[in-house]
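Encoded as structure tokens, the structure appears first; notes follow it.
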There are 2 protein chains.
Amino acid sequence: MTVMTTDLIMHGSAGTRVAAELRDAILAGTYPPGTRIRQEDVAGRHGASRVPAREALRLLESEGLVKVVANTGAWVTSLNLAECEEIYQIRERLEPLLLRLNVPLLTPEQIDGLDALAHEMERSDDVETFLRLDREFHLSCYTEAATTMLHDTVLRLWNRTQPYRRAYTTVFRSAGDRSAHHEHHLIVSALRRGDADEAERVLASHIRRTRLELARHPEIFDAPAPQPTRADAR
Amino acid sequence: MTVMTTDLIMHGSAGTRVAAELRDAILAGTYPPGTRIRQEDVAGRHGASRVPAREALRLLESEGLVKVVANTGAWVTSLNLAECEEIYQIRERLEPLLLRLNVPLLTPEQIDGLDALAHEMERSDDVETFLRLDREFHLSCYTEAATTMLHDTVLRLWNRTQPYRRAYTTVFRSAGDRSAHHEHHLIVSALRRGDADEAERVLASHIRRTRLELARHPEIFDAPAPQPTRADAR
DNA sequence: TGACGCTCGATTGGATCCATTGTGCGCCAT
DNA sequence: ATGGCGCACAATGGATCCAATCGAGCGTCA
């Protein structure tokens, strides 16, 4: 089946494309943590052979989204509470730095956009919308500085915790939300004033507070899928 | 040529093994930044076909050690001064955290080992020995805490700057060395007292000082290899 | 009846072959 | 002589085929 749909200019190998699509699917929640991923499925679903499929799995493994066991198979990575807290600790150190580097570069228009996102987030009651807006709010703060590696690192951290952010947001509603919304506005305010120190402080405690709240809900990490052995992945 | 030397128990796919060997070669300076890496060479040199070779290149790309251009080839990543400074800024935030997490877990014996390393480093006058000891000193501080992701992230950052640490150490001798040695002993001292705050502070300024010194030697980053196009890599 | 071992099936890993693409050299025209 | 065009070669990307390996289920024996 050598289809090779030329509906779009190929810019990068198929493995990269498959990895991107699979990444999106994992982040969207299509494959929850613990799900088995077979190479042939991936290949078939994305119109490629098993070679780029395997390449994609290896790439996602190096991003931490997938765990590949030799001669056995690939599974969507699960995190336990400790690992998730570790990620939040890393974010607590890195994102304030990234934000600081962006403070002098953000335009008033961009800050208005952030403000709008913060308000839209307050009005949203749908979980998926909230997740999307929250992610967009934070990552939009980081777009201006030419810090490729820092940006990529932070993005990977966000991606790894995505399923648990979803679970957390679903289970635990509206109690800490007010604090989060308040902090978002404090960040916008600090950005407006160009106060990098304050922006750093607020963002650090924002992330820290979320980590502490996560720690109070360990049930989120109780293995949802019974870590299937081999014959499954529907 | 299906050799498949069974001289060692295969624990993980060949792609992973090839990646590890190639990584070591790059870190050892065998392939300086800008060097073209052909899949067939890698395959031949490591007793595998081009499939695992390509897999290895993709893995190293995701670690930032190699840049793969679609349909064109792979090159060892070069850094400019700004990118190198970015890495040091990230390290300045992450390594103090990692050190802090290890402070309560390091045994007196391990700290003695660190002290020995620091002294050995002072006596060494060979560049390669210094590089090895310095790397070992710092990374040995991080072995106890069960923080996989943080540890991996830091390791990747060290790897990416390795060629430039080498160049820096070669070009710029013994002026900042005294400060570095002093700081190493201050770290050991803080570890002995279990003073996490002080250890963090010293390590942060240690990394920061190195970054500032790097910035005073931009000539290190003047493209050494003339970024060869396609036919080379000997 | 339960535990151990063996065989078979399903799935991954790797090698080879073919398609695709980018580069460089040479030729032709100005 | 020089600049632009085109063809040929070399290296990458992908598909298919074969080998290797793990797991599950069955059968046997204690």
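Owing to the predicted nature of the structure, the values given are computational and were not obtained by experimental measurement. Chain A is the first sequence line, chain B the second, and so forth, proteins listed ahead of strands; every chain is numbered from 1.
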### Query
Restricting to pairs with a member in residues 49-60 of chain B, which pass salt bridge (charged side-chain N to carboxylate O under 4.0 Å, His left out), not counting sequence neighbours?
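Of all non-adjacent pairs touching residues 49-60 of chain B, those that pass salt bridge (charged side-chain N to carboxylate O under 4.0 Å, His left out) are A:R54-B:E55, A:E55-B:R54, A:E55-B:R58, A:R58-B:E55, B:R58-B:E61.
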
### Query
Is there any salt bridge (charged side-chain N to carboxylate O under 4.0 Å, His left out) pair reaching into residues 149-159 of chain B, and which pairs are they, with sequence neighbours excluded?
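Sorted pair list comes back empty.
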
### Residues in ring-ring contact (aromatic ring centres under 6.0 Å, His included) contact with A:H206, at least two apart in sequence or another chain
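Only A:H138, A:H184 meet the ring-ring contact (aromatic ring centres under 6.0 Å, His included) criterion with A:H206.
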
### Task
List for me each residue that meets ring-ring contact (aromatic ring centres under 6.0 Å, His included) alongside B:Y31, sequence neighbours excluded, and say none if there are none.
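Scan of B:Y31 (ring-ring contact (aromatic ring centres under 6.0 Å, His included), adjacent residues dropped) gives none.
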
Would you mind telling me which of [options] lies closest to the side-chain atoms of [X]?
| X | options | result |
| --- | --- | --- |
| A:P52 | C:dG14, D:dA15, C:dT12 | D:dA15 |
| B:S13 | D:dG14, D:dC22, C:dG14 | C:dG14 |
| A:A14 | C:dA15, D:dT12, D:dG14 | D:dG14 |

### Task
Please determine if a side-chain N or O atom of B:R54 lies less than 4.0 Å away from the OP1 or OP2 oxygen of D:dG14.
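Yes, B:R54 has a side-chain N/O under 4.0 Å of OP1/OP2 on D:dG14.
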
### B:R36 side-chain N/O to D:dT12 phosphate OP1/OP2 under 4.0 Å
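For D:dT12, OP1 or OP2 has a side-chain N or O of B:R36 closer than 4.0 Å.
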
#### Entry: Under 3.5 Å: donor-acceptor pair, side chain of A:T77, backbone of A:V66
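Yes: the side chain of A:T77 pairs with the backbone of A:V66.
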
Please state how far atom [atom1] in [X] lies from atom [atom2] in [N], giving the value in whole angstrom units.
| X | N | atom1 | atom2 | value |
| --- | --- | --- | --- | --- |
| B:L57 | D:dA11 | CG | P | 15 Å |
| B:E40 | D:dA10 | CD | C1' | 10 Å |
| A:R50 | C:dA15 | CZ | P | 14 Å |
| A:W75 | C:dT11 | CH2 | C1' | 10 Å |
| B:N71 | C:dT23 | CG | P | 10 Å |
| A:E55 | C:dG13 | CD | P | 13 Å |
| B:Q39 | D:dG14 | CD | C1' | 11 Å |

### Task
Only counting residues at least two apart or in another chain, list the ones meeting salt bridge (charged side-chain N to carboxylate O under 4.0 Å, His left out) with A:R165.
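If we apply the salt bridge (charged side-chain N to carboxylate O under 4.0 Å, His left out) test to A:R165, skipping adjacent residues, the hits are A:D134.
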
### Query
Given that B:G73 and A:V51 both sit by DNA chain D, which one's nearest nucleotide is further toward the 5' end?
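Its nearest nucleotide lies further toward 5', so the answer is B:G73.
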
### Message
So if I take residues 58-69 of chain A and measure heavy-atom distances to DNA chain D, which residues fall below 4.0 Å?
### Response
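DNA chain D contact set from residues 58-69 of chain A: none.
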
### Task
Using a heavy-atom cut-off of under 4.0 Å over every strand shown, decide if B:A74 touches base, sugar-phosphate, or nothing.
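Touches nothing.
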
### Task
Inspect the contact between B:R132 and B:E128 and indicate whether a charged nitrogen and a carboxylate oxygen are less than 4.0 angstrom apart.
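Here B:E128 does not pair with B:R132 in a salt bridge, since their nearest N and O are not under 4.0 Å apart.
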
